[in-house]
Amino acid sequence: MKGPDVSWYVTLSAFLFAVGALGVLLRRNPLIVLLSLEIMLNSANLALIGFARHLGDTAGQVFALAVMAVAASEVVVGLGLIVALNRNRIALDVDRLNTLRG
Amino acid sequence: MITAAWICLLSPLAASLAITLGGTRLSRRQAGYAATFSVLVSFVAALVAFFQLLNDAPEERSHVSTLWTWLSAGEFEVGLSILVDPLSVFMMLVVSGVGFLIVAYSIGYMDGSDEERRYFAYMALFVFSMLLLVQSGDLVILLSGWGLVGLCSYLLIGYNQERPQAIAAAKKAFIMNAFGDATMALALFVLIQRLGTLEYGGVFSQIDSVGGDWAMSLIALGLLGGAVAKSAQIPLHTWLPDAMEGPTPVSALIHAATMVTAGVYMLVRLNPVFEQAPGVQDLAAGLGATTLLVAGLIALVQTDIKRVIAYSTMSQIGYMFLGAGLASYGNSMFHLMTHAFFKALLFLGAGIVIHALVSEQDIHRMGGLGRLLPKTYAAMLIGALALAGIPPLAGFFSKDSLLAAALEAGPYGQLLWAVGLAGTFLTGLYTFRMIFIVFGGEPSPFVREHLHRPGHTMPALWMAWTVGALAVLSVVGGWIQFAGLWHPLSDFIEPVAVSGVEPSGLQDAVTSVLAVGLGLTGIGIAWWIYSARRAVVPRFALAQQVLEHKFYFDELYDAVFYRPGVWVAHAAMRFVEGPLIAGSIRGLTEGTRLVATRVTEAQTGLLRTYALALGSGAAILTLVFLAVRA
Amino acid sequence: MNEWLTTILILLPIGAALIVWLLPWSSQAAGSLALLAALAEVGIWINTLTRFDFDAAGIQFDQQQTWFDDLGVSYHVGLSSFSLWLIGMAVVVMAAAVAYAFWTGRDRPRAYFGLMLFLTGAVVGVFSAQDLLLFYVFFEAMLIPLYVLVGVWGGAGRLTATIKFVIYTMAGSLLMLAAIVVYGLSEGTFDLVEGADSDNAWVFLGFVAAFAVKAPLFPLHGWLPDAYRESSPEVAAVLSGVVSKAAGYGFLAIAIAKFDEPARDLQPLLLGLAAVGLVYGSIVAFRAPDVRGVIAYSSLAQMSLITIGLFALNDLGSTGAVLQMVNHGLLSGALFLIAGVIERRAATGEFARLGGMARGRPALATLLMTTGVIALAVPGSTAFAGEFLILAGAFDEGWGWAVVGGVAIVLAAMYMLRLISAVLHEQVGTSVPDEALDLRPGELAVIVPLVASLLALSVWPAAITDHLSF
Amino acid sequence: MGDVLVWAVWVVAAFGCLGSGIAVISFSNPFFSALALIGNLASLAVLYLLLAAEFVTAAQVLVYAGAVMVMFLFVIAYVGGRVDAPFERGPSWQAIAAVVAAGAILVDIVIAIGLTTGGRLEDEAAVDEPFGGPAEVGRVFLTDHLLAFEITSIVLLVAAVGGVILGSERTRKAKAP
Amino acid sequence: MTKPTVDWFALAPSLALLGGTSLALLGAVLVPVVARKVFAAIAAALGFVAAGVWAGLLYSETPSASLEVADAITRDRFGALAQIVIAGAGLLAVGISYGHRTRAEHVGEYYALLAAAGAGMVFLVQANDLMTLFLGLEWFSICLYILCAIEIDLVSSLEAGLKYLVVGSFGSAVLLFGSALVYGATGELEFGAIARELESQGLLNDGLVLAGLAMILAGLGFKASAAPFHMWTPDVYEGAPTPVTAFMSAATKAVALVLALRVLVTAFPGEEELWTIAVAVIACVSLAVGNVAALVQRNLKRMLAYSSVSHAGFMLIAVAANNELGGRALLYYLIPYGAASLGAFGVVAARERELGERVTLDNVAGMGWERPLLGVAMWIFMLAFAGLPLTGGFVGKFYVFAAAYDAGRWWLVLAGVIATAISLYYYLAVIRALYMRMPDIQLAPAGGSPPREAVLQGTVLTCMAITIGSFFAVQPLIDVAEKATAQLPF
C-alpha cells in the first residue's frame, strides 16, 4: 500500500498552517481566531505524524498527542478569557481591544 | 649690589601688597606715604647698586642673580633672575628716581580722591613691574614685566571707573599692548626652538647660530612689534593719546617717563639680537622717524593740553627709536633720561594747571595763566624749552647728539636726520603753541570763573617741590654728556651696548645749529601766531581734517579689525552656535522623536498587527535562511 | 600605609557622602561635615604631596586588587606626578565649592552635600585609576552626581541643560567604552601600566571622542553654554574647573600615552579642532551677553588651548598643558564663584543690567580683577606661564598653531576686559542695588584661597613644572 | 490498485481538510466556523489513519473533535455568535499584508520541502504492525517521553485552574483603569 | 521495554515549585479567607526558595553535564544557574505581589500559578529535546496567560491576557511547526542527536532544517520579546498586574535567552554561521526598536516594557557571540538586569498602590523626595538599565561588548553603544521626573504616606542590593558563570 509520500503531507500541512495563520491575521472575532489557532496546531500535528510515518518513529505521534493536550489547554484558557470578556460586556472584537497601544 | 637690586625691585611690590591687604586700616594719606617711601627705598637701593657697580672693572659689570627656577619644561628653564649691569642700573635709577618724584607729587594731586589707596597700590605695583622689566635677566621675565606694566597702565588709565571713556581707553591700551605681547611671545618661541634658552647671556652668545635670515628677522620683528606697541609708535600708537584719560601723574610716570620708553630700552638691551637683523633695525629707525613727524603734526591741532604733551611724547620716543635703530644706543638712552625729566615736568605742570582749573583740559578755555600761576608757568617754560631742544636745557644735549649720529649713519641715516630736523621745528611750534595759549595773554573768562589758587597746603607743597625738583633736573640733566667731548653715560653703557656710530665734531656742530635754529623758528612762529597774534592761524581744510582725525588710524583699525571682528563674532553666534551647535543636537533629538512616534504608531494596539509582525518576521527569516544556504 | 594613600583619597569623600546621606543630619551639620571632609581631603592630599618622590619615575602609591580576572580587570589605582597635581587642584576647588554651597545654603542639604562629596571621590578616582575599566567607571561616576546637581539645584532651564549635558557626554564616553573593550581584549589586559602601545587609530578615536566631548572641543560643545549657565555657581565651577580636566588627563594618560602612532598621525586633526575651538570660543565669549557665558566660552577656549599643548606631543606642550589645567581649574572655579557672588547681589548675570560694582566694594573688585587678569594670561601670571609653554610647544610643531594661539591671547584680553568692565566699571547697572554689600567673610574665605593659590603659583609656577615627569 | 485507493482517499481527505479549514476562517458566524473545524479535524483523522497512526486518530476524534469542540460550541452558544466577515471593510493594508505573510510562510515551507537533501523524503521507512497502535504509543510515552507525558498533565491541570479563575463570577463591575 | 531512570535530583527544583503550587492550591481550598493570602504567598515563596536551594545543590553536585530521564533533560550547571536566577526572580516577584490587591477568592490560585509558572521555567531551562522544549514553553506560558488576565474585572488585564494568549499561541505554533520540520529532517528530537545527525547526514543545507531553525528562532524570539517578535510586550506588560509584569520581565526573558543559547549551541552548532548573524541582526533590530519606541512613552510600565525589548537585544548580542565569553556575559547580565527589572516594577507597583492609577512620568514627579528609599532605588535601577557604573548593569554590558568583540563582531559593539546612548534619554527622564520636577498638585492621597509595605520595600531593597552588589562582586559571579558555560558545547 503505497500512498503519497511524506512531502505531500507536509505540503498539505503547510497549506493548513497558512490558512490558520490567515485566520488569525484576518478575523476579528476572538472565537474564530482561536479556531484558526487550532488549525495551525493541527497542521503541525499533521506534519509531525507524517514525519513519524516517514521515519518509522513513534516519537512524532507522541509529540502530536502532547500537542493536542496543549491545544486543548489553550482553548480552555482562551474560552475562559472570552467568557470573562463577555461578562464584562466587552464586544467580542479583537480590533476593539486596543486600549493598550502606542 | 645684588641685594640692593633685589631690594630695589621688591620694595614697591611690598608696598603695593601692604596697601591692598591693609585696606581701610591704612588711611588714604598713609597709603600715599607708604608708596612714596617704598619707591624712595628703591631709588636709594638703585643708587647703592650703581656705586657698587662702579667699583667693578667696566667689563665685569654684569651680575646675574637667580632666586629660583620660575618655569621649566624638559630641558627648557626660566630662572626668576635679575641682571645687574650698567644698562639695568641706569634704568633703575631713572625709573625709581622719576618714579619717586611723581609718586610723591601724587600725594598732593590725588588728595581728596576717595580711592587713593587703590591708586597708590597700582602705582607701587607699576614701579615694581617697570623695575622687573628693566632688571630681568631672562626674556620671559622681561616679557612678564612687559605685561605687568601694561596691566598697571590699564588699571591706572581706567582709574576713573565710572567714566566710560576712561574704561574704553584702558581697554584699548591693554589690547594693543597684548598684541605687542603676542608678537614678542612668538619671537620668543622661535628663540626657544632654535636656542633652547631665553636667558640673556645664553641668547646673546648663541644668537649667530639661530640659522637663517628668515628666522632672525622673524625674531627681531616680533620683538620690535612688542616695542612698537609699548612705545606707542606707528602703527600701534593710537592708544597713547586716549590713555590721557588716566590721572595726570599716571600720564607723567607711565605714559611719558617710563613705560612707553620700555621699547627703547628693549631695542638697546637686545641690541645683539637686532644687529643680526639690520633690516629690522632700519625699520625701527624708520618707524621712529615717521612717528616723530606724524605725531608732531597731529600735536599741532590738539586742543587737550594732555594730548598735546602725549603726542609730543610719541614724537620724542620716535627720536629714541631713530637713535636705537641706527645703533646710537648711548644717545638713545641719554635722550630717554632727559625726556623722562622734562616730560614728567611738563605733565606735572599741566597737572597743576588742570588741578587749578578743576579738571579742565581744553587749552582754548585757558589763557593768561602765566600771571596767575607764575611758578607753574616757569616750570612749564623750562620743560617746554628743554623739549624744544634749546640750550642749555637737557633736551638740547640729548636730541642733538642723537640726530648728529644719524647724520653719520649713511644715506638712510641722513634721510632720517632730515626728518628729525623737521621734527625739531614742529616741536618748537606745537610746544609753544600750547604754552602761549595756556599761559599767555589775558586770563580768559573761564579761568577767571573757575581758577582756585592752590594755597600753601600740604598737598600743594607736595606738588610744588616735586615739580621744582624735576625742573632742576630738566635744566641740569643734560649736562652729563655733551656730544663727542664728554660722554660718561655712553661709556657707562658701552659694555652692554656698543654704539655703532660716532658722529664727528663737525656733524655735531651742524646738527646743533640747525636743530636749535629750527626749534627757535618754530617757537618764533608760535609766538607770532599765538602770542603776538600777528597772523591768524593758517587754515588748510584738508590738512586740518586729516590732522584732527589723527591720520584716520582709529577709523582704519575700526574698519579693518574691530568691525569685522564684531561681525565675525555675530556670525559665529548666529550661524554656527545657534543652528549648528545647538541646532544639531535639537535636530537630532527631534528626528529621533519623530522616528519614535512612527515606531509607536506601528504599535496599533491590535493583536492582529502583532501576530502579523511575528508571522512576517518568521517568514522573512525563513526566506533569508533558505536563500543564503540554497 | 603608603599604598593605601590613593585609595584613602578616593574613599574618604565617598565614605563621607554615605554618612551624610544615611544619617539624619541637620542642615548645618550636613554642611559642616561635608566641608570638614572636603578639607580633610585637602589635608590628605598635602600629606601625599610631601610623601611623593618626584625623582622616581612611574606610578606611586599604587594598589592593585583583582576585580575580575578572566578579562584582566582590576582595581588598580596609583599616582603619577601629573595626576597628583590635578588631584590637588580638584580637591581644592571641590572644597571651595562645598564651602561656597555651605555658605550660601542649599535646599535638601544632605542630598546635595553627599553628592558633592561623591563627586569629589569620583574625580579623584578618574585622576588615579590605572586600569582602563576602572577609569571608565570613575569617569561615568562623575556624571551621576553632576546630573542631579545640575538638574535639581540648577536654574530655570536646568532640565534641558542636563539632558544635553548627559546625552552628549555619554555619547562620547560610550564610544570610549567600545574603545576600551577593543583595546583591553586585544592587549589581554585593561591595566594601563601593563598594556602595551596600540596603533589602532579607531580605538584612539574612541578615546578622543569621549575626551573631546568632556573637554569640550569644537564642535562638540553644544552642552556647554546651557550646563554652565543653568547650574548653580559652585557646580559650574566644578564642571568647568575640575570635571573638564578629566578630559585633559585622559588625553595625556591614555590617548597620547598608549597610542603613540595614531596620536602622531592624527595630530593635525586634533590641533586643528583645538585651534578652531580656541578662536571660536574666544570670539563667542567676546559677544556673550552675560558673565557665565563669557566664562563658559572662555572655558571652551582654554580647554582647546590645553589640548593644543597636549597634542604638541613634546615636553614643552605637555608641561604647559598640565600647568594650565591646574591654573584653569583654579581660575574657572574662582570665576564661577565670583559670578555666583555677583548674581546673588544683582539677581542677574546679564551685562546690560550690571555695572559699577567696583565702587564701595573693594574686595569684590580686587578679586574679580585679579582673577580676571590672571585668566587673560597677563605676562607674569601662572596662566601666562602655562600658555607660554603650550604655545612654545605648539610652535615646535608648526608656527601656525602658535600664531593662532597668539591671536587667541589678544582675544582673551578682549573678552576678559569686557567682563571686568561690564561688571565693575562704568555706570551702576539697573540691577545692582546700592545696598548690595561687598564680599562677606564667608565668601572671602571661599574665594581668597583660590586666588591666593593662583598668586602663589604665579610666583612659582615651577612648583608644578619642575615636579612633573611623563 | 491499493495505491490508487490510498491516493483517492488522500485527495478527498486533503481537500476536505483544506476546504473546511478555509471555511473556518471564512464563515462570518463562529458557530458555522466551529462546525467546519469539526469537519477539518475529521479529515485530518482520516489522514492520520493513512499514516498508520491509529491511536492518534482515535484521540483526535474522541478528544478533539468531540470534547474540545463541544466546549467550543457551548461557549459560542453562551456568548452568542457575533457575526463578522473577514473582508467586510474591504482590503485594508492589514488584510493584504496578512495574505502576503501567510503566503510567504506557505511558499517558504514548500521551497524548504523542495530543497531537502537528496530526495530523502521519498523513501519511507518500513513499519511493522504495532506502529501507531495504543501499545506502542503508550510504551514510548512511558519510556522515552515520560517527562513529556507528565508535563502534559501539568499543563492540563494549570489550564483547568485557569478556566476556573477566568470563568468565575464577576464580583464588581468592570472598569477601565 | 526499559523504564528510564528518573534523576529526581535534577528534577528537584521543578518538583519543589510544583510542591509550592500544590500547597497554594490546597490553601485556596482549605485555608480560611483571612489567612489564605499569607499561606499561599508563603507556600509559593517556600517553593521558590526550595527550588533555588535545590538548584544551588544541583550546581555544586554537577561537575559535568549529563542527560537524564531518557535524554529529555540536561543536568548541567548552565541550567542550574539559570534556575537559581529564575527562583530568585520568582521569590522577589512574590514579595512584590504580596501587597497587591488581588481578589481574595483567587489569591491562592494566583500564587499557585506563579509557582507553577516558575516550575515550568525552571524545568524548561533544562530541556533537552524539542518536545520538552515545546511543552515546557507552553507550561509556563499558559500560567502567564492566566496570570496576566487574573484581574478579570479590569479590561486592560483581560485585553493583555487575550493578546498574550493569541499572539503567544501563534508564536508557539510557529515554533512547533519549526520543530516538526527539524524532526522530519533529522528524525531526532534530542538536541545533541540533532546536531549529530546534521553533521553525519550532511544536512546543513537541508531546506527543512533551515526553515525549521528559522521558525524555532522566531518562536524563541517571541518569548524573549526580541523585535520584530516583540509587539505584544508593551501591551501585555502594561495591562498585566504589575507583579506579574515584574516576574515576566525578569524570568521569561531569562528562560527564553538561556534556552535560545542552549538550543542553538547544542542542536545547531553546524549552522553557526547562519544563526549568529540572524541573532545579531535580531539583536540590532531589538535595540533600535526598543530604545526608540521607549523614548516617547509616558507610561512607566510601557516604557519599561520597551526597555526590556532593548535589553533582549543586548542579551542576544551575547548569544550571537557564540562563545564562552558570550555565555558568561548572558548569565551575568541576567542577574543585575533581573534585579533591576523586578525592582523597577516593584517601585511602579508601590506608586500604583499609592495613587490608585496608572503610573506615568507625570505622576511620579517629586516622588524621589517624598519616598527616599523608593526614589533612590528607582534611580539605581535606571542607572543599571542604562549601564552606568556602580551598578551591575555596567559590567553586564561590558561583558556583552567584550563577547561581541571577541567573536569578531565589532559592529555589534558599536550598535550596543549607540543604543545605550539613546536609552539614556528615557532612563534619565525617569530620574528627572522623580527628582527634578515638582508635582503641580498633591497626587499622593492626603493624610501622609500610605501604610508601609515592609515586604515590598524589603524586596525593592534586595533588588537594589543585588544590582549594586553585582557590580562589586563580579569575580565570584563570573567564576560561577564560567563553570556553568564551560559545560555547554561551544
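The chains referred to below are lettered A, B, ... by the order of the sequence lines, with proteins before strands, and numbering in each begins at 1.
- Taking chain D as the reference chain and counting heavy-atom pairs below 4.5 Å, the highest number among A/I82, A/V77, A/L79 is found for A/L79.
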CA sep, side-chain torsions, deciding dist, call: D/V140, D/H145, side chain to side chain contact (heavy atoms under 4.5 Å, CB included): CA-CA 6 Å; D/V140 175; D/H145 297 285; 3.6 Å; yes
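- Interface residue D/A52: backbone and side-chain heavy atoms are both found under 4.5 Å from chain A.
- Chain A forms the most heavy-atom pairs under 4.5 Å with one residue out of D/A101, D/A97, D/A14, D/A98, and that residue is D/A98.
- The minimum heavy-atom distance linking A/R27 with A/V33 is given by the pair O-CG2, 3.4 Å.
- In this structure, chain A has no heavy atom under 4.5 Å from any part of D/F74.
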Before giving the answer on side chain to side chain contact (heavy atoms under 4.5 Å, CB included), spell out for D/L50 and A/Y9 the whole-Å C-alpha distance, their side-chain angles and the decisive distance to 0.1 Å. CA-CA 10 Å; D/L50 290 182; A/Y9 287 95; 3.5 Å; yes
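- Heavy atoms closer than 4.5 Å to chain D are found nowhere in A/F63, neither backbone nor side chain.
- Between the CG atom in A/N42 and the CG atom in D/L47 there is a gap of 11.0 Å [rounded to 0.5 Å].
- Of the listed residues (D/A53, D/G138, D/A148), the greatest number of heavy-atom pairs within a distance under 4.5 Å of chain A belongs to D/A53.
- Between chain A and the options D/L166, D/L51, D/L106, heavy-atom pairs under 4.5 Å are most frequent for D/L51.
- Both the backbone and the side chain of A/L34 come within contact range of chain D, with heavy atoms under 4.5 Å apart.
- Atoms CZ and CD1, on A/F15 and A/I39 in that order, are 14.5 Å from each other to the nearest 0.5 Å.
- The shortest side-chain heavy-atom distance between D/V61 and D/L41 does not fall under the 4.5 Å cut-off.
- To the nearest 0.5 angstrom, D/F141 atom CZ is 11.0 Å from A/Q61 atom CD.
- In this structure, chain A has no heavy atom under 4.5 Å from any part of D/V63.
- For A/N45, the parts lying near chain D are the backbone and the side chain together; criterion is any non-hydrogen pair under 4.5 Å.
- Here A/V10 is the residue among A/L55, A/V10, A/V24 with the most heavy-atom pairs under 4.5 Å with chain D.
- Atom-to-atom distance recorded for A/L35:CG and D/S33:OG is 6.0 Å, nearest 0.5 angstrom.
- Atom OG1 of A/T11 sits about 3.5 Å away from atom CD1 of D/I113, to the nearest 0.5 Å.
- Side-chain contact check for D/C17 versus A/L12: some heavy-atom pair is nearer than 4.5 Å.
- Residue contact with chain A, scored on non-hydrogen atoms closer than 4.5 Å, involves the backbone and the side chain of D/V56 alike.
- The greatest number of non-hydrogen atom pairs below 4.5 Å with chain A, out of D/G163, D/A67, D/G162, D/G132, is found for D/G132.
- Using a 4.5 Å cut-off between heavy atoms, D/I109 touches chain A through its side chain atoms alone.
- The closest side-chain heavy-atom distance from D/L35 to D/M69 is not below 4.5 Å.
- Between chain D and the residues A/V67, A/V70, A/L81, A/L16, the largest count of heavy-atom pairs under 4.5 Å involves A/L16.
- Note on D/L18, D/V9, D/I105: by heavy-atom pairs under 4.5 Å with chain A, the leading option is D/L18.
- Both the backbone and the side chain of D/I22 have a heavy atom closer than 4.5 Å to some heavy atom of chain A.
- When heavy atoms are compared at a cutoff of 4.5 Å, A/T99 does not approach chain D at all.
- If you measure heavy-atom distances from A/I49 to chain D, the contacts under 4.5 Å come from both the backbone and the side chain.
- Taken to the nearest 0.5 Å, the CZ atom of A/R53 stands 11.0 Å off from the OG1 atom of A/T58.
- Interface remark: D/L44 contributes side-chain atoms only to the contact with chain A (heavy atom separation under 4.5 Å).
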